[in-house]
Colleague: 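Here's a structure for you.
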Amino acid sequence: MKGAARLPRNFYAQDARVVARGLIGARLHRVFPDGREAVGRIVETEAYLGPRDLASHARHGRTARTEVMFGPPGYAYLFLIYGMYWCLNVVTERKGVAHAVLIRAIEPLSGIEGRTDGPGKLCRALSLDRAFNGADLRGPTLFLTKGKPPARVAVSRRIGVDYARHWARRLLRFTEAGNPHVSRS
DNA sequence: GACCGGATTATG
DNA sequence: ATAATCCGGTCA
């Protein structure tokens with residue numbers, strides 16, 4: 001298969017719900033320092049809708065931690081959870097609007113060792129950590145391309161955000177229905 | 001400066 | 001069911 005083109009900046013410059021749905025089936029590429037490339041197909045995402053979204057890290061406004069989310073679309077926002085695991089997010093919407101999409105699971109296609117059915121697991125498998133916070137998602141070592149479209153997309157509540165009151169009930173999680181690499185929960 | 005709790009995972 | 005482990009947010 002030929003090397004597909006990186007997803008364009010204007011794709012990321014949309015509402016996080018649109019991007020989260022659109023990323024199901026897309027390919028996530030990671031080129032390691034030694035030149036090896038890992039590729040996975042995104043099968044689970046969640047949309048986070050900025051300061052008004054009580055489940056978003058942006059709920060307390062613009063801080064050093066959330067700065068990247070308020071920046072231009074098409075960049076990576078990584079954060080550490082429970083002191084142990086990194087999670088990869090895609091910044092969406094125009095500059096100043098802190099929308100983001102959490103990549104929760106990918107289906108390994110090539111060059112991947114270890115499980116990728118969870119946000120912490122996939123970051124570990126792809127060696128993604130704080131060094132990638134703010135990284136261009138159209139760059140040389142981390143980028144996304146178009147992939148095989150999902151047969152069917154299921155929509156559900158986001159995972160682990162019960163503290164977010166009514167926002168916890170919003171249907172902002174997207175999965176490829178029936179894909180075995182979707183995280184359990 | 002101290003305390004709290006989490007967009008998780010592995011293990012029992 | 002619970003431990004591992006650390007940082008940002010919050011309040012003093």
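First the proteins, then the strands, lettered A, B, ... as listed; each starts at 1. What you are looking at is a predicted structure, and each value in this text was computed from that prediction instead of being measured.
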Colleague: Please state the C1' separation for the pair B/dG5 and C/dT2 - nearest whole angstrom.
Modeller: 16 Å
Colleague: In plain terms, say whether A/R152 and A/E176 are close enough for a salt bridge, that is, a side-chain N and a carboxylate O under 4.0 Å apart.
Modeller: no
Colleague: Between A/V161 and A/K121, which is nearer to the 5' end of DNA chain B once each is assigned its nearest nucleotide?
Modeller: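 That would be A/V161.
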Colleague: Walk along DNA chain B from 5' to 3' and tell me the first and last nucleotide with an atom closer than 4.0 Å to a non-hydrogen atom of chain A.
Modeller: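 With heavy atoms of chain A under 4.0 Å away, the range is B/dG6 to B/dA10.
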Colleague: Dot-bracket, DNA chain C: Watson-Crick or G-U, under 3.5 angstrom, [ ] crossing, | other strand?
Modeller: ||||.||||||.
Colleague: Under 4.0 Å between any heavy atoms, over every strand shown, what does A/R124 touch: base, sugar-phosphate, or nothing? Just pick one.
Modeller: sugar-phosphate
Colleague: Measure up the A/F79 and A/H57 rings against each other and bin them: parallel (under 30°), tilted (30 to 60°), perpendicular (over 60°).
Modeller: perpendicular
Colleague: Would you be so kind as to tabulate the donor-acceptor pairs closer than 3.5 Å made by side chains of residues 123-135 of chain A, with sequence neighbours excluded?
Modeller:
from, atom 1, to, atom 2, distance (Å)
A/D129, OD1, A/A131, N, 2.9
A/N133, OD1, A/L78, N, 3.0

Colleague: On the six-membered ring of A/F174, is A/R21 placed so that its NZ or CZ lies under 6.0 angstrom from the centre and within 45° of the ring axis?
Modeller: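 So A/R21 doesn't make the cation-pi contact.
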Colleague: Using a strict 4.0 Å threshold on nitrogen-to-oxygen distance, state whether A/E44 and A/R173 make a salt bridge.
Modeller: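 Here A/E44 pairs with A/R173 in a salt bridge, since their nearest N and O are under 4.0 Å apart.
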Colleague: If you round to the nearest 0.5 Å, how far is CD of A/E107 from CG of A/D117?
Modeller: 11.5 Å
Colleague: Calculate, to the nearest 0.5 Å, the distance between atoms OG and CG belonging to A/S56 and A/L102 respectively.
Modeller: 11.0 Å
Colleague: Using a 6.0 Å cut-off, check whether atom CZ of A/R62 has over 12 heavy atoms from anything other than its own residue.
Modeller: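 Yes, because the 6.0 Å sphere around CZ of A/R62 holds more than 12 heavy atoms from other groups.
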Colleague: Shortest non-hydrogen contact from A/N10 to A/Q14?
Modeller: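 Residues A/N10 and A/Q14, closest heavy atoms: O-CG, 3.8 Å.
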Colleague: Which parts of residues 71-89 of chain A get close to DNA chain C, meaning a heavy atom less than 4.0 angstrom away?
Modeller: A/L80, A/Y82, A/G83, A/M84
Colleague: Answer yes or no: is there a side-chain heavy-atom contact under 4.5 Å between A/L23 and A/L7?
Modeller: yes
Colleague: Would you jot down, in residue-number order, the residues of residues 94-114 of chain A having a non-hydrogen atom under 4.0 Å from DNA chain C?
Modeller: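 DNA chain C contact set from residues 94-114 of chain A: none.
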Colleague: Check whether any side-chain heavy atom of A/V90 lies under 4.5 Å from a side-chain heavy atom of A/Y12, and answer yes or no.
Modeller: yes
Colleague: Is a side-chain donor-acceptor pair under 3.5 Å present for A/T116 with A/H181?
Modeller: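 Not at all, the side chains of A/H181 and A/T116 share no donor-acceptor pair under 3.5 Å.
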Colleague: In terms of side-chain geometry, is the basic nitrogen of A/R9 or A/D136 positioned less than 4.0 Å from the acidic oxygen of its partner?
Modeller: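 A salt bridge links A/R9 with A/D136.
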Colleague: Mind listing the N/O atom pairs, protein and nucleotides 9-12 of chain C, below 3.5 Å?
Modeller:
from, atom 1, to, atom 2, distance (Å)
C/dG9, OP1, A/T63, OG1, 2.4
C/dT10, OP1, A/H60, ND1, 2.4
C/dT10, OP1, A/H60, NE2, 2.8

Colleague: Could you check if a side-chain atom of A/Y77 sits within less than 4.5 angstrom of a side-chain atom of A/R65, using non-hydrogen atoms only?
Modeller: yes
Colleague: Measure from the ring center of A/H99 to the ring center of A/Y48 and say whether it is less than 6.0 Å.
Modeller: no
